[in-house]
Amino acid sequence: MARIQSLRGFNDILPSDSAAWQHVEACAREVFAAYGYGEIRLPLLERTELFKRSIGEATDVVEKEMFSFKDREGDSLTLRPEGTASTVRAGLEHGLLHNQQQRLWYAGPMFRHERPQAGRYRQFHQFGVEAYGMAGPDIDVEVIALSARLFKRLGLSGLSLELNSLGGAETRANYRAALVEFLKKHEASLDADSQRRLAINPLRVLDSKVPATQAIVRDAPAIVDYLDADSRAHLDGLRQGLSDLGIAHVVNPRIVRGLDYYTKGVFEWTTTQLGAQGTVCAGGRYDGLVEQLGGSPTPAVGWASGVERLLLLMKAQSPNLPTHAPDVYLCWIGEAGRRAAAPLAERLRDALPRLPLVLHAGAGNLGAQMKRADKCGARVALVLGEAEAARQVVQVKSLRENIPQAECAWAELPARLAGLLKPN
RNA sequence: GUGACCGUAGCUCAGUUGGUUAGAGUCCCGGAUUGUGAUUCCGGUUGUCGGGGGUUCGAGUCCCCUCGGUCACCCCA
């Protein structure tokens with residue numbers, strides 16, 4: 001009989017990995033709090049129309065990557081492919097964006113119907129920040145500094161920050177016209193994909209990896225030369241602010257972003273250590289989106305980061321990620337030991353609520369129990385037999401360090417075990 | 001959506017030009033040690049060889065289809 005398996009690209013996160021996930025999430029939460037960002041929790045399902053109107057009809061995400069379906073009333077619904085659209089929708093719905101500043105963060109699963117590969121899954125997890133109501137580059141600098149601090153906290157190295165500016169709507173239109181004019185002259189020499197993009201989304205041609213196309217694109221007009229004064233000043237301010245904070249970056253005129261709502265400054269954190277999916281965090285300014293979704297004109301900037309990619313990178317860079325290994329394994333022998341063990345375990349948990357302690361359950365002689373204690377990664381095994389129960393003591397055996405086994409009275413145990421608690 | 005490679009025990013894998021009853025390591029269980037793990041020794045359990053069809057006296061092995069995985073294209077976090 002065929003067993004039911006998870007859907008393609010939908011992964012289970014097992015206990016052997018979930019400690020590392022929790023660590024990343026906890027670090028992110030702390031950093032968001034340190035900058036005064038408030039969490040917003042959003043539904044996973046939205047009206048399809050929301051994503052069409054925000055991300056853009058002609059983008060790949062909307063054209064062919066959304067999990068969309070009709071519900072029982074015949075409405076078209078979509079599992080969210082990203083978080084920004086929902087954040088704006090919720091902000092407008094609850095009046096969060098009207099004439100005020102907001103610093104928000106979110107975290108959770110996103111869904112895109114793509115062919116899975118390293119660092120790319122159909123259900124993947126992002127956390128992101130969004131800041132509303134602040135037009136100057138100082139807030140762009142802030143969200144980037146926040147991301148840099150987070151990556152540092154996670155122990156990541158070797159990431160590089162690339163910036164570009166897409167300008168406002170007007171410069172984008174001007175630049176687009178100039179670019180199309182240039183590319184038309186070389187149309188015959190472009191690869192097939194780029195020829196197709198020329199008609200649909202010419203900016204993406206800049207991003208092509210085909211060598212022949214790259215050679216042509218090298219001489220193409222650069223958007224930087226078309227920037228309006230406002231966008232120009234914004235980019236300069238952003239760069240200055242980053243330099244003031246010592247955050248290294250390069251301007252890469254070829255980074256474009258596949259979502260239509262971006263304006264002015266956009267950026268990506270990338271690594272060369274993750275194969276083809278090297279972008280670990282990306283974002284930018286989207287000053288037009290709030291108005292586009294029915295609000296008043298509101299400046300906005302934000303980014304999103306992929307948790308799976310961060311974890312892949314952490315695994316590649318640091319050999320020991322956190323685990324769920326308990327500190328203490330309590331073994332017992334005989335009926336008297338068994339009956340004394342559970343109350344003792346509860347007393348220890350009362351005294352040391354954060355001490356992970358596993359009480360042996362089920363069958364198994366002492367040898368088997370010690371084996372379990374070792375295998376589950378405990379640092380200390382406690383042994384409680386008939387003799388110990390009668391005298392209200394336990395044997396304390398260190399499993400990881402060369403410390404002789406010693407006896408300890410129940411009353412002294414909390415003090416003795418407190419030293420095992422991990423800092424923080 | 002396109003392409004390449006790969007599917008044999010819970011895990012990592014071997015399996016000869018097609019040839020008896022499909023193997024190893026690991027893991028797990030028991031014992032050597034009726035109360036001491038990680039080392040050692042002994043014994044034991046673990047299989048729809050991804051699924052279906054075909055060729056053949058005979059298929060884990062060859063062919064076709066299909067499903068799944070990995071990586072890349074594309075795209076993006």
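Below, chain A is the first sequence line, B the second, and so on; all start at residue 1. The analysis underlying the following values was restricted to heavy atoms, covering all of them including side chains, and did not include hydrogens, waters or symmetry mates.
In this structure, of B/G35, B/C73, B/A77, it is B/C73 that holds the atom nearest to the side chain of A/A276. Picking from B/C71, B/U36, B/G68 the nucleotide with the shortest atom distance to the side chain of A/Q5 gives B/G68.
Pairing partner, B/U39: none, since no Watson-Crick or wobble contact has both distances short of 3.5 Å. Base pairing of B/C71: its partner is B/G3, meeting the Watson-Crick or G-U wobble criterion (both donor-acceptor distances under 3.5 Å). Using Watson-Crick or G-U wobble geometry with both donor-acceptor distances under 3.5 Å, B/G25 finds its partner in B/C11. In this structure, B/G19 forms a base pair with B/C57, meeting either the Watson-Crick or the G-U wobble geometry with both donor-acceptor distances under 3.5 Å.
Put simply, the side chain of A/R120 reaches to within 4.5 Å of the side chain of A/R115, judged on heavy atoms.
Of the residues A/Q123, A/H125, A/Q126, A/Q277, the one that meets the side-chain hydrogen bond (donor to acceptor under 3.5 Å, both in side chains) test with A/E308 is A/H125. Applying side-chain hydrogen bond (donor to acceptor under 3.5 Å, both in side chains) to A/Y37 and the options A/Q102, A/E130, A/E142, A/R29 leaves one that passes, A/E142.
A sub-4.0 Å separation between OP1 or OP2 of B/C29 and a side-chain N or O of A/R372 is present. A close approach under 4.0 Å does not occur between any side-chain nitrogen or oxygen of A/K64 and OP1 or OP2 of B/C74. Taking 4.0 angstrom as the limit, A/N365 places none of its side-chain polar atoms (N or O) nearer than this to OP1 or OP2 of B/G30. In this model, the phosphate group of B/A72 is approached by a side-chain N or O of A/Q117 to a distance below 4.0 Å at OP1 or OP2. One finds a side-chain N or O of A/R8 lying less than 4.0 angstrom from the OP1 or OP2 phosphate oxygen of B/G69.
As judged by a 4.0 angstrom heavy-atom cut-off over every strand, A/A387 is placed among the base-contacting residues. Counting non-hydrogen atoms under 4.0 angstrom, A/Q405 reaches a base of the nucleic acid. Heavy atoms of A/R115 sit under 4.0 angstrom from at least one base atom. Within 4.0 Å (heavy atoms only), A/G119 reaches at least one base atom of the nucleic acid. Within the 4.0 angstrom heavy-atom criterion, base atoms lie near A/Y121. Counting any heavy atom pair closer than 4.0 Å across all strands shown, A/A304 reaches sugar-phosphate atoms only and no base atom.
Put simply, CH2 on A/W303 is 16 Å from C1' on B/C76, counting in whole angstrom units. The CG atom of A/N11 sits 12 Å away from the C1' atom of B/U70 (whole-angstrom rounding). The CD1-P distance, from A/I255 to B/C76, rounds to 12 Å in whole Å. The CG-P distance, from A/D60 to B/C73, rounds to 15 Å in whole Å. Counting to the nearest Å, the P atom of B/G37 and the NZ atom of A/K371 are 9 Å from each other. Summarising the geometry, the separation between CD on A/Q277 and P on B/C71 is reported as 10 Å, rounded to the nearest angstrom. Rounded to an integer number of Å, the gap from CZ of A/R122 to P of B/C76 is 17 Å. The CZ-P distance, from A/R254 to B/C75, rounds to 13 Å in whole Å.
A donor-acceptor contact under 3.5 Å is formed by the side chain of A/K397 with the base of B/G37. For A/E63 against B/G1, a side-chain-to-base donor-acceptor contact under 3.5 Å is absent. For A/R120 against B/C71, a side-chain-to-base donor-acceptor contact under 3.5 Å is absent. For B/C74, its base never sits under 3.5 Å from the side chain of A/E65 at any donor and acceptor pair.
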Practice task
Run the numbers on A/L50 and A/T48 for side chain to side chain contact (heavy atoms under 4.5 Å, CB included), then give the verdict.
Solution key: CA-CA 5 Å; A/L50 173 65; A/T48 301; over 6 Å; no

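A/A368 approaches A/G364 most closely through the heavy-atom pair CB-CA, 4.1 Å.
No side-chain N or O of A/H234 forms a donor-acceptor pair with one of A/S165 less than 3.5 Å apart.
Relative ring orientation between A/F67 and A/F10 is described as perpendicular, the plane-to-plane angle rising above 60° on a 0-90° scale split at 30° and 60°.
Spacing of P atoms, B/C5 relative to B/C62, comes out at 14 Å, to the nearest Å. Using atom P as the reference point in both B/G25 and B/A9, the two lie 16 Å apart (nearest Å). The separation of B/C13 from B/G60, taken at their C1' atoms, amounts to 14 Å, rounded to a whole angstrom. If you take atom C1' in B/C74 and the same atom in B/U2, they sit 9 Å apart, rounded to whole Å. Comparing the C1' positions of B/G69 and B/U36 gives a spacing of 43 Å, expressed to the nearest Å.
Judged by closest nucleotide on RNA chain B, A/G364 is the one of A/G364 and A/L274 placed further toward the 5' end. Each of A/V383 and A/V280 has a nearest nucleotide on RNA chain B; the 5'-most of these lies closest to A/V383.
Less than 6.0 angstrom separates the ring centroid of A/W269 from the ring centroid of A/F151.
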